[in-house]
Amino acid sequence: MTATAPEVARRPGKIVCVGRNYLEHARELGNDVPERPLIFLKPPSALLAPGAAIELPPDSSRVEYEGEIGIVVGARLRHADETEARAAIRGVVALNDVTARDLQKSDGQWTRAKGFDTFCPVGPESPPPGDLDGLTVVTRVNGQERQRGAAREMAFSIPTILAYVSRVMTLEPGDIVATGTPAGVGPLAPGDEVEVEIVGVSLVRNPVVAAAAR
Ligand code: MG
């Protein structure tokens, strides 16, 4: 993505993600749901607009989609409780937490696996619905459904996650929190088209290409 000045102005200060927040997904990768939210960061430089290409880096032989419900923070949150966290939600976005699965395993921590440029497609922002638990995320590859999960199935609810994160780092307006992916993750290949939809709320669709050698 070539960032213009307005895009830079809208860029979030940080993207905080939650791992293993759906039991079936944790199990498919051989993990349990953790006792508390497992959080990590994606760099804002990974952001990708709808329609722009996800680039598969030569460093990885296994890049996978992870469709997620993304939350856009609208007010500063520090040591918030769940009621304050719920009130601070400004918007909901479809988000693809693209992951180099092989590097996630080999590196022992996730910065490289989660942090390549183009690894964070994000759809248009919509206001949050009254019932967050009713949010449903669906991922399709080449038109075929691969993942479907509802917020009510999460191990840790959206307000619980925001409150938890806010005890570690101050959440600021524009920050994005990715709330974990349901079961059904799988690989992407050049020529694929992957889309993540928050049903009735936001959709991000991107082609997949091999990164040009540089
Ligand atoms: Mg994820």
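Here the structure is a predicted model, which is why all the values come from computation and not from measurement. Both ligands and their constituent atoms are indexed starting at 1 by order of listing. Keep in mind that the numbers below use all heavy atoms, side chains included, and drop hydrogens, waters and symmetry copies.
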Please examine the side chains of Val165 and Asp175, heavy atoms only from C-beta on, and report whether any two atoms are closer than 4.5 Å.
no
Could you tally the protein N/O/S atoms lying less than 2.8 Å away from the Mg ion (ligand 1)?
3
Across all chains, not counting sequence neighbours, the side chain to side chain donor-acceptor pair (under 3.5 Å) partners of Lys114 are Glu66, Asp97, Thr99
Could you pull out all donor-acceptor pairs under 3.5 Å where a side-chain atom in residues 146-154 meets a protein atom, sequence neighbours excluded?
| unit_1 | atom_1 | unit_2 | atom_2 | d |
| --- | --- | --- | --- | --- |
| Gln147 | OE1 | Gly67 | N | 3.0 |
| Gln147 | OE1 | Thr139 | OG1 | 2.9 |
| Gln147 | NE2 | Thr181 | OG1 | 2.9 |
| Gln147 | NE2 | Pro182 | O | 2.7 |
| Arg148 | NE | Glu145 | OE2 | 2.9 |
| Arg148 | NH2 | Glu145 | OE1 | 3.1 |
| Glu153 | OE1 | Ala150 | N | 3.3 |

With Glu172 via salt bridge (Lys or Arg N to Asp or Glu O under 4.0 Å) - residues at least two apart:
Lys14
Atom CD of Glu35: over 12 foreign heavy atoms under 6.0 Å:
no
Sort out for me which residue in Val137, Val122, Val93 forms a side-chain contact (heavy atoms from CB on, under 4.5 Å) with Val196.
Val137
